[in-house]
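Step one of this worksheet: look at the structure below.
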Amino acid sequence: MADLSTTYMGLRLAGPIIAGSSGLTGSVKGAKEAESAGASAVVLKSIFEEEIAAEYAEALTDAKARGMSLESYDYYDYEIRGNRVAEYAELVRDAKKALRIPVIASVNCTYSREWTAFAKELEKAGADGLELNMFFLASDLARSSDEREKEYFAIVEKVRKEVRLPVALKISPYFSTLAQMITRLSRTGIGALVLFNRLYGIDFDVEKLSVTAAGSLSSPAEIALPLRWVALMANRVSCDLAASTGIHDGAAVIKCLLAGAKAVQAVSALYKGGAGAIGTMLKDLQSWMDRHGFKTLADFRGRMSQAASENPAVYERVQFMRQYGN
Ligand SMILES: Cc1cc2nc3c(=O)[nH]c(=O)nc-3n(C[C@H](O)[C@H](O)[C@H](O)COP(=O)(O)O)c2cc1C
């Protein structure tokens with residue numbers, strides 16, 4: 001039997017499939033199911049500062065309606081924030097008690113001081129690693145790309161200074177100079193970059209003329225984006241790469257490893273097929289390795305990265321030109 005073990009952000013993993021952050025990993029039960037199905041690590045559902053802020057706003061409206069004084073607003077803020085962080089730290093502690101695989105906590109903040117405060121709490125709670133789920137929508141006309149990008153570095157630097165845990169950074173592909181951002185971010189001392197987060201999108205209900213949520217689950221075709229970027233960046237980064245988005249079957253796992261990923265993260269596949277989807281992916285990876293005579297992941301990892309290719313230009317091709325008879 002082929003050896004599926006790997007290392008990822010400084011952690012030793014028994015296999016390359018990680019249950020990515022989602023509602024499914026927001027409870028010990030869900031995380032445990034992923035472990036039983038063969039996940040080699042779990043990224044817990046993120047703690048969102050934005051959600052805490054929304055809860056605070058609600059409490060504020062309520063407090064105002066009841067004619068409470070201004071000082072108590074601060075108290076609310078402090079209390080709500082504290083409760084939420086404590087609840088999340090408890091999830092980390094409970095997951096650590098119940099699981100044998102590494103438990104990675106995930107943080108999404110808006111204000112830079114909070115990233116560090118949250119990270120420290122989660123380190124104390126015993127998380128094995130920390131994934132920073134970082135994205136700022138570039139919709140602010142007053143901010144240049146340079147300003148926006150600097151925030152990523154400032155936050156990573158702060159968190160890295162304050163915690164000793166291995167840190168992964170989960171980013172989106174929406175940067176004007178993506179290759180440069182990926183390489184520069186990889187040199188900040190982080191253990192891994194997760195390429196890419198799939199963001200919540202909006203849709204319109206044209207009958208009710210209201211804004212709705214776009215479909216939340218990915219399709220297998222979406223593997224194309226992380227696959228290209230893992231393959232392009234595999235030999236140009238100073239940290240591990242994990243692929244995320246569109247990993248639905250064993251073939252997708254194999255492709256990402258061939259591109260140079262140390263691990264993959266699956267979410268939509270688990271929503272669609274249950275945690276058991278991980279077992280099927282692992283089985284397919286095993287039998288593919290056996291058929292090709294690969295004994296370890298290192299035997300083929302990165303073999304199809306751009307750097308290893310005899311035809312590197314094909315990885316950068318973006319126009320269809322003469323396809324479909326045109
Ligand atoms: C319902 C749902 C909840 C999610 N929640 C989080 C989250 O809390 N934090 C995060 O970093 N990503 C979250 N994601 C994004 C996933 O971790 C993942 O990056 C994305 O779904 C793409 O992977 P997939 O194609 O395997 O689904 C969520 C995705 C879904 C579908």
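Order of listing sets the numbers, starting from 1, for every ligand and every atom in it.
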### Query
Do I278 and V43 belong together in a cluster built from hydrophobic side chains that touch within less than 4.5 Å?
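No: no chain of side-chain contacts under 4.5 Å links I278 to V43.
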
#### Entry: Within one Ile-Leu-Val-Met-Phe-Trp-Tyr cluster: I104 and L165, side-chain cutoff 4.5 Å
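Unlinked, I104 and L165 end up in two clusters.
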
Look at [atom] and say which protein heavy atom is nearest, naming residue and atom and giving the distance to 0.1 Å.
atom	value
atom 1 (C) of ligand 1	Y271 OH, 3.3 Å
atom 4 (C) of ligand 1	S22 CA, 3.6 Å
atom 5 (N) of ligand 1	K45 NZ, 3.1 Å
atom 13 (C) of ligand 1	S21 O, 3.1 Å
atom 9 (N) of ligand 1	S46 OG, 2.6 Å
atom 27 (O) of ligand 1	S268 OG, 2.5 Å
atom 29 (C) of ligand 1	V267 CG1, 4.0 Å
atom 15 (C) of ligand 1	N197 OD1, 3.5 Å

### Message
Would E131 count as a polar contact of ligand 1, with the cut-off being nitrogen or oxygen pairs under 3.5 Å?
### Response
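So ligand 1 has no N or O lying under 3.5 Å from an N or O of E131.
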
### Query
Is ligand 1 under 4.0 Å from a heavy atom in the side chain of T245, in the backbone, in both, or in neither?
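Answer for T245: both.
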
#### Entry: Side chain, backbone, both or neither: the part of K170 lying under 4.0 Å from ligand 1 by heavy atom
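Near ligand 1, K170 shows its side chain, while the N, CA, C and O stay back.
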
### Chi angles and distances behind the side-chain hydrogen bond (donor to acceptor under 3.5 Å, both in side chains) call for R236, Q306
CA-CA 10 Å; R236 302 197 213 161; Q306 187 190 37; 2.8 Å; yes

Numbered atoms and elements of ligand 1 in range of [X], under 4.0 angstrom, heavy atoms:
X	answer
S216	31 (C)
L217	31 (C)
F48	7 (C), 8 (O)
R198	19 (O), 20 (C), 22 (C)
S218	24 (P), 25 (O), 27 (O)
S244	18 (C), 19 (O), 22 (C), 23 (O)
A266	26 (O)

### Query
Does G246 come within less than 4.0 angstrom of ligand 1, counting non-hydrogen atoms of the residue?
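Checking ligand 1 against G246, which is what was asked, there is a heavy-atom contact under 4.0 Å.
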
### Query
At their closest point, which heavy atom of A263 faces which heavy atom of I18, and how far apart are they?
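In terms of heavy atoms, the two residues are closest at CB-CD1, 3.8 Å.
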
### Task
Could you pull out the closest heavy-atom pair between V267 and S21, with the gap in Å?
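Heavy-atom minimum between the residues: CG2-O, 3.8 Å.
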
### Query
Is there a side-chain contact between P102 and L13 (heavy atoms, below 4.5 Å)?
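Counting from C-beta outward, P102 and L13 do come under 4.5 Å.
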
### Message
For the CG atom of L282 and the OG atom of S287, what is their distance to the nearest 0.5 Å?
### Response
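If we round to the nearest 0.5 Å, L282:CG and S287:OG are 11.0 Å apart.
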
### Task
Give, for atom CZ of R184 and atom CD of E149, the distance between the pair rounded to the nearest 0.5 Å.
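The distance works out to 6.5 Å.
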
#### Entry: Ring centroid separation W288 to F300 under 6.0 Å
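Yes, the ring of W288 comes within the 6.0 Å limit of the ring of F300, centre to centre.
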
### Query
ring pair (Phe, Tyr, Trp, His ring centres under 6.0 Å) with F175: which of F136, Y152, F196, F135?
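In the set F136, Y152, F196, F135, the residue that makes a ring pair (Phe, Tyr, Trp, His ring centres under 6.0 Å) with F175 is Y152.
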
### Message
Going by side chain to side chain contact (heavy atoms under 4.5 Å, CB included), L241 matches just one of V194, V264, L195. Which one?
### Response
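Only one option passes, and that is L195.
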
### Message
With side chain to side chain contact (heavy atoms under 4.5 Å, CB included) as the test, pick out the partner of L122 among V163, L44, V107.
### Response
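Exactly one pass, corresponding to V107.
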
